[in-house]
Structure formats: C-alpha cells, structure tokens
Amino acid sequence: MSTPKPDQLVAFLYTEDLEATDRFYRETLGLTLALDQGPCRIYRVTDTAFIGFCRAGTAVGRAAPAADGVILTLVSDQVDDWYNQLVERGIPVEQPPKKNDKFNIYHCFIRDPNGFLIEIQTFLDPTWPRPAGAGSRGSR
C-alpha cells in the first residue's frame with residue numbers, strides 16, 4: 001500500500017486583528033477569500049495552497065505566538081513587480097529586492113499587520129520544481 005499524499009495545503013496563523021489581516025491579504029496582496037469560518041478566514045494562494053488566519057484563542061484555545069520566527073514565503077517570478085506595487089500602495093518594505101547568493105534566490109521582505117515577515121521570492125536554481133505553465137524568469 002502506498003503512502004497517501006495530500007491534495008492541498010493550508011497553513012494557519014493567528015491574529016489579534018482579523019479585520020486588518022483580511023484587508024491586507026485581500027486588498028494589498030490580492031488573495032481571494034476561499035472560506036470565511038467566522039473566527040477563521042482562509043485565503044487562496046494557488047489552486048492547492050491556502051493560508052488561514054484565526055482570531056487568537058478561538059481555533060485551539062491558544063494565544064497567538066510571537067510573529068518572530070514565522071516567515072510566509074510567496075514564490076513568484078515577478079518579485080520586482082510585487083515590490084513596485086507594494087511601494088506604490090505605501091506598504092513598508094523591510095528589504096528591497098536583492099539576490100541572495102547563499103540560497104540562490106532573488107527576494108524582498110515586507111510585514112503584514114500582525115508583524116509576520118512576508119518574503120516574496122523566486123528560486124534562481126533551475127532544479128526548483130515549478131508549476132506547469134509558470135512564466136520564465138526575468139534577468140536579475
């Protein structure tokens with residue numbers, strides 16, 4: 001018997017301010033609300049990947065952990081476009097786009113309303129598994 005494989009991924013994080021979090025992920029990052037469960041909201045990142053936010057203390061009875069130690073990475077070949085759009089919207093940037101030779105990536109960082117670090121990156125390593133139909137990488 002073969003090991004079952006997941007069909008989708010939902011990563012859940014906690015928030016003290018679900019409304020501000022909702023505005024940021026829908027309006028600023030352009031994610032679609034996939035499911036509103038009241039104290040938890042789940043946003044579509046891709047066809048099979050989602051991120052959910054639950055009001056602290058409502059999902060499993062725990063308080064929200066510190067934002068330090070969490071990095072949410074959105075993989076995109078359009079790092080510069082993301083950066084320019086976020087700057088135009090007045091979103092504070094932690095680090096503008098740059099090449100990271102250690103990990104062979106090109107990336108930038110922002111923070112969401114909860115203080116979670118969001119990295120927008122592209123893998124420069126040609127062996128990274130890319131989704132079918134993904135665009136080509138631009139020069140960096």
Side-chain angles (χ1 to χ4, degrees):
M1 177 179 243
S2 65
T3 303
K5 305 264 189 258
D7 297 316
Q8 298 174 314
L9 169 79
V10 180
F12 282 98
L13 298 171
Y14 292 99
T15 180
E16 296 291 340
D17 189 340
L18 189 57
E19 297 310 316
T21 300
D22 180 69
R23 282 189 305 276
F24 180 82
Y25 282 87
R26 285 206 286 169
E27 295 172 14
T28 302
L29 295 185
L31 300 184
T32 302
L33 181 65
L35 185 62
D36 185 343
Q37 299 175 307
C40 296
R41 294 183 187 164
I42 303 171
Y43 305 88
R44 181 180 299 278
V45 178
T46 69
D47 286 343
T48 59
F50 301 82
I51 184 163
F53 287 90
C54 294
R55 199 170 281 119
T58 59
V60 291
R62 289 187 273 180
D68 292 341
V70 173
I71 299 176
L72 170 64
T73 299
L74 302 175
V75 179
S76 172
D77 286 336
Q78 300 173 323
V79 174
D80 291 322
D81 293 338
W82 274 99
Y83 171 76
N84 292 332
Q85 183 181 81
L86 293 166
V87 167
E88 285 175 13
R89 292 182 175 188
I91 302 302
V93 174
E94 292 269 320
Q95 174 194 293
K98 71 176 192 176
K99 185 172 186 227
N100 180 318
D101 290 322
K102 179 177 181 179
F103 295 107
N104 199 20
I105 59 174
Y106 182 74
H107 62 158
C108 67
F109 289 100
I110 62 171
R111 287 205 185 262
D112 81 356
N114 306 291
F116 292 119
L117 192 61
I118 299 176
E119 174 185 38
I120 301 171
Q121 80 166 39
T122 189
F123 288 92
L124 301 176
D125 184 332
T127 64
W128 173 254
R130 298 171 49 78
S136 62
R137 290 185 181 89
S139 62
R140 307 281 179 241

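Of the N and O atoms on the side chains of Y43 and D22, at least one donor lies less than 3.5 Å from an acceptor on the other residue.
Hydrophobic clustering (side-chain heavy atoms under 4.5 Å, transitive across Ile, Leu, Val, Met, Phe, Trp, Tyr) groups F24 together with Y83. Note on V79: it clusters hydrophobically with L72, by side-chain heavy-atom contacts below 4.5 Å among ILVMFWY residues. Residues W82 and I110 are members of one and the same hydrophobic cluster, defined by side-chain heavy-atom contacts under 4.5 angstrom among Ile, Leu, Val, Met, Phe, Trp and Tyr. Hydrophobic cluster membership is shared by L18 and I118, with clusters built from Ile, Leu, Val, Met, Phe, Trp and Tyr side chains linked at under 4.5 angstrom. One hydrophobic cluster holds both V75 and F103 under the rule that ILVMFWY side chains link at heavy-atom gaps under 4.5 Å.
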Task: Steps toward side chain to side chain contact (heavy atoms under 4.5 Å, CB included) verdict (D80, Y106) - done: CA-CA 9 Å; D80 291 322; Y106 182 74; 2.6 Å; yes

Task: From CA spacing to verdict: side chain to side chain contact (heavy atoms under 4.5 Å, CB included), D77, R130 - done: CA-CA 10 Å; D77 286 336; R130 298 171 49 78; 2.9 Å; yes

- [ ] Could you give me the CA-CA distance, side-chain angles and deciding distance for Q8 and V10, then say whether side chain to side chain contact (heavy atoms under 4.5 Å, CB included) is met?
- [x] CA-CA 7 Å; Q8 298 174 314; V10 180; 5.6 Å; no

Task: Full working for side chain to side chain contact (heavy atoms under 4.5 Å, CB included) between L74 and L29 - done: CA-CA 10 Å; L74 302 175; L29 295 185; 4.1 Å; yes

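When side chains are defined from C-beta on, L117 does not count as touching E119, because their heavy atoms never get closer than 4.5 Å. Counting heavy atoms from C-beta outward, W128 and T122 have side chains that stay 4.5 Å or more apart. Counting heavy atoms from C-beta outward, T21 and R41 have side chains that stay 4.5 Å or more apart. Put simply, the side chain of K99 reaches to within 4.5 Å of the side chain of N104, judged on heavy atoms.
Side chain of T32 to main chain of A34: no donor-acceptor pair is present (N/O by atom type, distance under 3.5 Å, no hydrogens or angles). A donor-acceptor contact shorter than 3.5 Å links the side chain of D125 to the backbone of T127.
In this structure, OG1 in T48 is found 9.0 Å from CG in D7, a value given to the nearest 0.5 Å. With rounding to the nearest 0.5 angstrom, the CD atom of Q78 is 11.5 Å from the CG atom of N84.
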Considering only distance and modelled atom types, tabulate donor-acceptor pairs under 3.5 Å from the side chains of residues 85-98, sequence neighbours left out.
from: R89; atom 1: NH1; to: E27; atom 2: O; distance (Å): 2.4
from: R89; atom 1: NH1; to: T28; atom 2: O; distance (Å): 2.7
from: E94; atom 1: OE2; to: R111; atom 2: NE; distance (Å): 3.2

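Nearest heavy-atom pair, R44 versus D47, reported as atom, atom and distance to 0.1 Å: NH1-O, 3.3 Å. Taking all atoms of both residues into account, the shortest heavy-atom contact from F50 to I42 is CB-CG2, 3.6 Å.
Ring-plane geometry between Y25 and F53 is classed as tilted, the angle between the planes lying from 30 to 60 degrees on a 0 to 90 degree scale.
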